[in-house]
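Here the structure comes first, spelled out in structure tokens, and everything after it is commentary.
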There are 2 protein chains.
Amino acid sequence: MKVKESETEKIILNAAKDVFFRKGYDGARMQEIADVAGINKALLHYYFRSKDKLFEAIFEEAFKKLIPKIVESMTSEMNFEEKIKKFINNYIDTLIEVPQIPIFILNELNRNPDRIIGVLKKAGLKPEVIVEGLQRDIENGVIRAVNPKHLIVNIVSLCIFPFAAKPIIQKLFLKDDNPKLFYEFLKERKSEVSNFIINSLIVKP
Amino acid sequence: MKVKESETEKIILNAAKDVFFRKGYDGARMQEIADVAGINKALLHYYFRSKDKLFEAIFEEAFKKLIPKIVESMTSEMNFEEKIKKFINNYIDTLIEVPQIPIFILNELNRNPDRIIGVLKKAGLKPEVIVEGLQRDIENGVIRAVNPKHLIVNIVSLCIFPFAAKPIIQKLFLKDDNPKLFYEFLKERKSEVSNFIINSLIVKP
DNA sequence: GTCTATATCGGGATAGAC
DNA sequence: GTCTATCCCGATATAGAC
């Protein structure tokens, strides 16, 4: 329960986010973070005792940004088709704003799996709720019978993976490193992915 | 064009693979590689001049393992449904054997995007060939009209992402860290993903 | 709170004996 | 080819002045 963040603290956190996102924990240098923040190394330690503590703060914030979106869109009272569309749009739009998050999170997840236990709890993610919602849709004949767990993994995969694989996609399909092209590709994906999923699941009368 | 790899060289490469896969480039320590190989640091430098050179060797090998599988399965003469099934089974089976590769590759890709240019060329991946094949299937009315590039990204996402997200999937869906459960999950995925894709695309008469 | 200077250590790389 | 000893830089962290 933070009371008030000083200006300097915010500047440090932003700089740290920048560097950690780009380089990962091991690749990041306290010196670079200090440079980006326009201060010196000693001050970093004054605010956050260690590199690890500083990282922790960044990681938690990034993680909490991704998880609640899932619950939010997936547990609303819309019908299945609307729910999927809303979720995909929502999720891809969020990631477009912070495209480095996926690889950052995935990497840290594998480097230090234990850390997620705590963060997941704090994020308040209840996969059972989503699974139950999907099961109801299946029972009601809205979508065909699939394994809800795999369906969830499928949906999330389709949204997140392209961000993590950005350099290959650019090189293979977009030829040009122009960031605008990748952005266009992602915008196309929103309808493309929604349709892909809906077409696979919706039971036509 | 390697003529003959000495025994020691192989031992080093295996040890390096182990450590680099687990820790990534920045996190890996030459000392740890030496320990795993049962030799000393100096010998690493004797065989591979630098950490970077050693990494390069590992990375290239890992990358070449993933890419050709895509071409191979996607350019055969089977019909669409068989082709997809073969590809998914093939791909997931390959990754089950070396489940650390996805996060390793993705991470290095983002940390050092330039490296892939060379490796991609050597791997001989021609995405146009796959795209053309899909376009033909669309023209012949085998599958509905979708953007082939997105379809390829979709298929690959569904295969690779779960490996990169392994710790979350375990924690959220499998509760138990028992590796066997994750393995079961992956085996289920083969048919689940195939059906997911085919149901979305195949045009029913 | 912010700085400079410095302690301390770890890690990649090399020299040189065997 | 393989080892021990060592160099040396770079990185985290701290001491202490302002």
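In what follows, chains are A, B, ... by sequence order, proteins preceding strands, each numbered from 1.
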Please tabulate, one pair per line, all N/O donor-acceptor pairs under 3.5 Å involving side-chain atoms of residues 91-102 of chain A, not counting sequence neighbours.
residue	atom	partner	partner atom	Å
A/Asp93	OD1	A/Lys190	NZ	2.8
A/Asp93	OD2	A/Lys190	NZ	3.3
A/Thr94	OG1	A/Asn90	O	2.7

Cut-off 3.5 Å, no hydrogens considered: what does the side-chain donor-acceptor table look like for residues 38-45 of chain B, sequence neighbours left out?
residue	atom	partner	partner atom	Å
B/His45	ND1	B/Lys41	O	3.4

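Annotation: salt bridge (charged side-chain N to carboxylate O under 4.0 Å, His left out) contacts of B/Lys17 (sequence neighbours excluded): B/Glu61. Residues meeting the salt bridge (charged side-chain N to carboxylate O under 4.0 Å, His left out) test with B/Glu81, sequence neighbours left out: B/Lys85. A search for salt bridge (charged side-chain N to carboxylate O under 4.0 Å, His left out) contacts involving B/Arg49 returns nothing, not counting sequence neighbours. Under the rule for a salt bridge (charged side-chain N to carboxylate O under 4.0 Å, His left out), B/Lys86 has no partner lying at least two apart in sequence or in another chain.
The residue among A/Tyr46 and A/Ala42 whose nearest nucleotide of DNA chain C lies closer to the 5′ end is A/Tyr46.
Within the structure, the salt bridge (charged side-chain N to carboxylate O under 4.0 Å, His left out) test picks out the following pairs touching residues 143-172 of chain A (sequence neighbours left out): A/Lys171-A/Asp177.
A donor-acceptor contact closer than 3.5 angstrom is absent between the side chains of B/Asn110 and A/Arg22.
For DNA chain D, the contact window with chain B, defined by any atom under 4.0 Å from a protein heavy atom, covers D/dG1 to D/dT4 in 5' to 3' order.
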- [ ] Treat primed atoms plus P, OP1 and OP2 as sugar-phosphate and everything else as base, then score nucleotides 6-12 of chain C 5' to 3': B for base contact with protein heavy atoms under 4.0 Å, S for sugar-phosphate contact only, - for none.
- [x] -----SB

